[in-house]
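Shown next, in structure tokens, is the structure this report addresses.
All chains are named by letter (A, B, ...) in the order of the sequence lines, taking the proteins before the strands, and each is independently numbered beginning at 1.
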Amino acid sequence: MIGIIGYGSYLPRYRIKVESIAKEWGSDPESIKRGLKLFEKTVPGLDEDTITIAVQASKYAVKRAGINPEEIGAVYIGSESHPYAVKPSGTVLIEALGIGNDVHVASYEFACKAGTEAMFVAYCLVKANEVKYALAIGADTSQGAPGDALEYSASAGGAAFIMGKENVVAEILFTNSFTSDTPDFWRREHEFYPRHAGRFTGEPAYFKHVVNAGKLLLEKSAMKPEDFDYAVFHMPNGKFPQMAAKKLGFTKEQIETGWIVPWMGNTYSGSSPTGLSAVLDVAKPGDKIFMVSFGSGAGSDGFVFKVTDKIVDVQDKAPKLRDMLDNNKIYLDYGEYAKFREKIILNE
Amino acid sequence: MKDVAVIGIGMTKFGELWNKSIKDIFVEAALKAIDNAGVGHIDSMYVGAMSGGLFVGQEHIGAVMADYLGMNPVPATRVESACASGGTAFRQAYFEVASGSSEIVLAGGVEKMNDGVDVTAALATAADQEYEVYNGITFPGLYAMIANAYMHQYNATREQLAAVAVKNHHNGFNNPNAQFRSEITIEQVLNSTLVADPLRLLDCSPVTDGGAAVILCPLELAKQFTDSPVKVISTAQASDTISLYERESLTSLKAVSDAAVKAYKQANLKPEDIDLAEVHDCFTIAEIVASEELGFFDKGCGASAVEEGKTSIEEGTIPINTSGGLKSKGHPVGATGIAQVIEIYEQLTGQAGKRQVKDARIGLTQNMGGSGASCVINILEAL
Amino acid sequence: MITPKYVREIPQRYRLEAAKCKNCSYISFPPRLVCPKCKSRSFDTIRLSDEGKILTFTIIRVSSDIFSHQTPYGVAVIETSEGAKLMAMIADTKIEDIAIGKKVKLIFRKIRDEGVSGIHCYGYKAVVI
């Protein structure tokens with residue numbers, strides 16, 4: 001059996017409400033809440049970045065897996081906000097976790113699906129008997145340009161998954177991917193904020209890839225939507241995953257548990273991974289989980305998980321996503337948010 | 001070892017000396033001391049300077065100052081022990097005279113802090129760079145931590161801390177060389193801007209440019225130069241952990257008590273034999289804790305002692321910082337230890353004017369580096 | 001450029017490696033070559049736990065330039081559950097919640113940047129729990 005042996009997620013404590021952003025740009029918060037189903041989002045502290053988020057989530061994953069970190073043979077962090085343009089994020093992580101030097105490390109980038117790509121590769125390395133354990137992380141401190149619609153969604157957080165063969169808590173039954181060259185969202189070298197193609201990000205980008213990947217995964221697994229207890233889709237806003245679920249034949253109830261975006265925002269590479277983490281926090285042995293990510297550019301990765309008996313042994317060993325989402329919040333006003341996100345030009 | 005005397009003093013006004021370079025400042029103080037002592041030459045010189053490199057980008061301070069003082073080729077040595085550099089330079093000069101290897105030796109100190117650099121960062125190099133400063137601490141912050149621990153342990157009040165600043169400003173009002181010659185009130189201290197809680201702006205010594213110098217010679221030669229030499233009867237130094245966090249007690253300054261024990265033993269004196277003291281009040285809490293470590297007050301009683309006037313010129317049992325201290329006189333770090341000696345010299349020779357402590361015969365200087373990782377104590381006696 | 005000296009401190013900054021004296025059990029953080037208590041020169045490398053309490057603290061309102069955009073921030077002397085001591089910035093905590101005796105958890109955070117184009121420097125901070 002191959003699959004997830006430990007998982008962990010992390011969200012910063014800071015939040016900003018849709019109202020606080022809308023006020024600054026003369027927008028109507030009610031129409032954003034209604035149209036996009038977004039209410040508030042996480043904001044990273046000045047001392048947080050993709051690396052610190054990845055480290056914290058990974059520490060929780062190691063705690064749940066109960067393994068010696070030195071036995072992890074590969075570490076891949078997927079993010080579109082790696083702190084360095086050139087220099088791997090994972091090298092910091094291996095030192096912080098005490099993984100040692102006998103390990104493969106790389107940073108992945110594929111807009112919002114870099115995390116699930118890292119999960120796929122980690123799974124394959126274990127399956128190929130190349131490594132005993134592989135650690136995959138999706139984490140981001142994503143940026144939206146001031147005044148852009150993305151500002152209401154771009155948030156911070158991440159989830160980490162350790163793949164292995166023993167004491168699996170969620171077996172990976174099937175995987176797939178659907179990828180094409182679709183420039184719906186991008187950030188050029190040296191640019192601070194990403195750009196997007198407006199409504200083109202919807203039907204020809206998000207929905208085309210998520211729905212096609214989802215259909216192919218259902219075919220590959222020979223399963224029907226009603227065979228699943230939970231479904232998780234990439235969550236650029238509250239509305240898109242609901243619509244994708246409907247198109248594929250999943251119910252609101254199936255996506256409810258992993259649908260954390262209205263209060264978390266879009267954690268980009270961490271989006272569907274944190275959604276999966278929220279599901280694993282409450283899943284019962286035997287539950288089946290359907291997951292499809294989406295990364296602009298564009299592509300979707302699909303996974304079918306089957307939760308094992310071991311899940312109940314690990315759920316309480318580290319903080320749960322919903323607890324981090326609902327508790328200990330510190331709200332920021334837009335000025336503080338602009339400072340935290342380094343949107344203000346400072347003197348050196 | 002020979003007995004050693006101080007025979008001349010000189011210092012610049014302390015303050016923001018925008019038009020004077022570090023060389024100008026040191027040479028002015030040194031020339032005053034040479035002229036005051038009436039010596040035609042010096043055999044050697046020591047210069048206390050914490051960080052010429054960071055403040056003005058100049059190292060090799062000993063050679064620079066000997067050159068600009070027109071004293072080449074005398075040996076010139078820069079002494080560094082952070083904010084205790086001056087007091088330590090004095091101690092080195094004392095040894096050179098006491099050993100008999102030189103006769104007329106200048107002990108000076110200088111710092112030019114107002115030259116446009118990040119002073120907070122420069123001063124912080126006196127703490128552990130990798131485990132204290134890396135984690136965001138500043139010097140006011142280190143002493144603020146001592147203050148919080150002290151107030152927590154001994155129930156000392158914010159007002160008691162403020163009383164140190166009020167007293168020292170009162171004394172400095174009568175010191176023509178002081179940076180701040182203004183009386184302040186408890187309320188002004190308590191309403192001043194927070195720097196590092198619980199310390200406020202008026203709890204902190206200022207950023208100062210200044211220089212100070214004294215001339216030492218064997219006691220047996222002193223009468224050739226002056227009718228009123230002052231004898232150095234003790235010099236002692238001690239060290240402690242560089243990091244505040246590694247100390248067993250966060251409300252003590254062990255280097256001060258360690259140096260004090262040695263200093264009193266060498267002079268065969270007890271704390272109550274001291275008539276006045278210049279104590280390193282870089283922050284109000286520092287004077288309180290140091291006054292306890294010097295044996296003037298029991299542990300935990302230093303704060304109330306200030307409030308009760310026990311350290312004032314007018315009614316004190318042990319007047320502290322009659323010069324105005326670092327707080328009001330200013331704190332050009334490398335010069336401070338020498339300026340402390342100058343105040344004691346003026347007091348013991350009856351030249352302190354309105355600051356004069358009656359019948360002052362024995363005075364002590366306590367000069368401290370960092371958050372107390374080094375301390376040097378010098379005791380002087382009128383003859 | 002502080003890169004070379006930064007790298008030497010990684011075991012301490014990232015994973016709290018300390019030295020426990022084989023003779024008297026005193027824990028030095030960072031590790032030393034000589035035990036400050038008993039002068040022994042033999043140590044075991046240990047990793048400090050992430051739990052501790054505040055022995056004293058301050059709130060920095062005026063910082064050096066490198067931290068100036070983060071003020072006001074707390075800094076505390078922390079005693080870990082093993083009895084080791086260290087100094088750490090306080091993260092994710094309201095200033096009024098910082099007090100002597102409060103329990104903290106040590107977490108991994110970015111501490112500072114080496115200018116706008118230099119390396120990011122990481123380490124431990126403390127969160128009041």
Side-chain angles (χ1 to χ4, degrees), chain B residues 54 116-125 127-153 192-201 203-204 207 239-252 254 283 285 371 373, chain C residues 2 5-6 8-10 12-13 16 18 26-32 36-37 52 54-68 70-80 84-91 95-96 98-101 106 109 111-112 121-126:
Chain B
L54 290 175
V117 300
D118 183 350
V119 174
T120 304
L123 288 173
T125 58
D128 187 293
Q129 283 300 291
E130 305 306 330
Y131 289 89
E132 292 189 311
V133 180
Y134 181 84
N135 291 314
I137 199 63
T138 61
F139 257 94
L142 287 165
Y143 279 94
M145 286 184 170
I146 296 174
N148 264 338
Y150 185 96
M151 291 164 78
H152 186 258
Q153 186 167 340
S192 62
T193 308
L194 275 167
V195 173
D197 305 20
L199 299 182
R200 292 172 181 271
L201 188 64
D203 287 296
C204 307
V207 172
S239 59
D240 196 1
T241 65
I242 189 76
S243 294
L244 178 69
Y245 72 81
E246 287 215 81
R247 310 246 171 97
E248 269 171 34
S249 165
L250 294 167
T251 57
S252 304
K254 193 163 176 293
F283 302 93
I285 184 66
S371 59
Chain C
I2 65 167
K5 68 175 179 175
Y6 174 74
R8 283 195 295 274
E9 311 298 334
I10 280 176
Q12 285 71 51
R13 300 248 172 83
L16 298 169
Y26 178 78
I27 299 170
S28 289
F29 183 82
R32 296 162 174 261
K37 299 296 167 198
I54 294 176
L55 298 184
T56 188
F57 73 98
T58 183
I59 310 298
I60 302 290
R61 312 272 177 175
V62 180
S63 70
S64 60
D65 293 347
I66 200 166
F67 291 105
S68 60
Q70 296 189 51
T71 54
Y73 58 86
V75 183
V77 174
I78 310 285
E79 185 174 42
T80 68
K85 287 186 272 186
L86 52 83
M87 191 174 285
M89 287 171 80
I90 305 287
I95 279 171
E96 56 269 27
I98 305 171
I100 291 172
L106 295 169
R109 286 292 166 95
I111 307 296
R112 60 205 294 178
C121 301
Y122 297 89
Y124 46 85
K125 285 194 180 185

Item to check | Proximity breakdown for V133(B) and chain C, heavy-atom pairs closer than 4.5 Å | outcome: backbone
Item to check | Those residues that, when tested against Y245(B), pass ring pair (Phe, Tyr, Trp, His ring centres under 6.0 Å) (two or more places apart) | outcome: none
Checklist entry - Are the side chains of T56(C) and H152(B) in touch, meaning some heavy atoms are under 4.5 Å apart? => result no
Next on the checklist: Heavy-atom cut-off 4.5 Å, strictly under: side chain, backbone, both or neither for A124(B) against chain C?
Outcome noted: neither
Checklist entry - What part of L194(B) lies closer than 4.5 angstrom to a heavy atom of chain C: side chain, backbone, both or neither? => result both
Checklist outcome for this item: Cut-off 4.5 Å, heavy atoms of chain C, and the answer for E248(B) is both
Next on the checklist: Would you say that M87(C) contacts E246(B) through its side chain, given a criterion of any heavy-atom pair below 4.5 Å between the two side chains?
Outcome noted: no
Checklist entry - Does the N135(B) side chain pair with the main chain of M89(C), one donor and one acceptor, at a distance under 3.5 Å? => result no
Item to check | Region of I60(C) in contact with chain B, defined by heavy-atom distances below 4.5 Å | outcome: both
Next on the checklist: Please report the interatomic distance CG(L250(B)) to CD1(I100(C)), rounded to the nearest 0.5 Å.
Outcome noted: 8.5 Å
Checklist outcome for this item: Bottom line for L142(B): the part with an atom under 4.5 Å from chain C's heavy atoms is side chain
Next on the checklist: Under 4.5 Å from any heavy atom of chain C, what part of Y134(B) do you find: side chain, backbone, both or neither?
Outcome noted: both
Item to check | Proximal component of A84(C), with respect to chain B [non-hydrogen, under 4.5 Å] | outcome: neither
Item to check | Residue part contacting chain C, namely of R247(B), when any heavy atom lies under 4.5 Å | outcome: backbone
Checklist entry - Residues in ring pair (Phe, Tyr, Trp, His ring centres under 6.0 Å) with F29(C), at least two apart? => result Y131(B), Y124(C)
Checklist entry - Are any side-chain N or O atoms of D118(B) and backbone N or O atoms of S64(C), one a donor and one an acceptor, separated by less than 3.5 Å? => result no
Checklist entry - Looking at A149(B), A122(B), P198(B), which has the largest count of heavy-atom pairs under 4.5 Å with chain C? => result A149(B)
Checklist entry - Is there side-chain contact between T58(C) and I137(B), with at least one heavy-atom pair below 4.5 Å? => result yes
Item to check | Identified side chain to side chain contact (heavy atoms under 4.5 Å, CB included) counterpart of R61(C) within the set T138(B), T193(B), V195(B), D197(B) | outcome: D197(B)
Next on the checklist: Would you say that R13(C) contacts E130(B) through its side chain, given a criterion of any heavy-atom pair below 4.5 Å between the two side chains?
Outcome noted: yes
Next on the checklist: Is F57(C) close to chain B through its backbone or its side chain, or both, or neither, when contacts mean heavy atoms under 4.5 Å?
Outcome noted: both
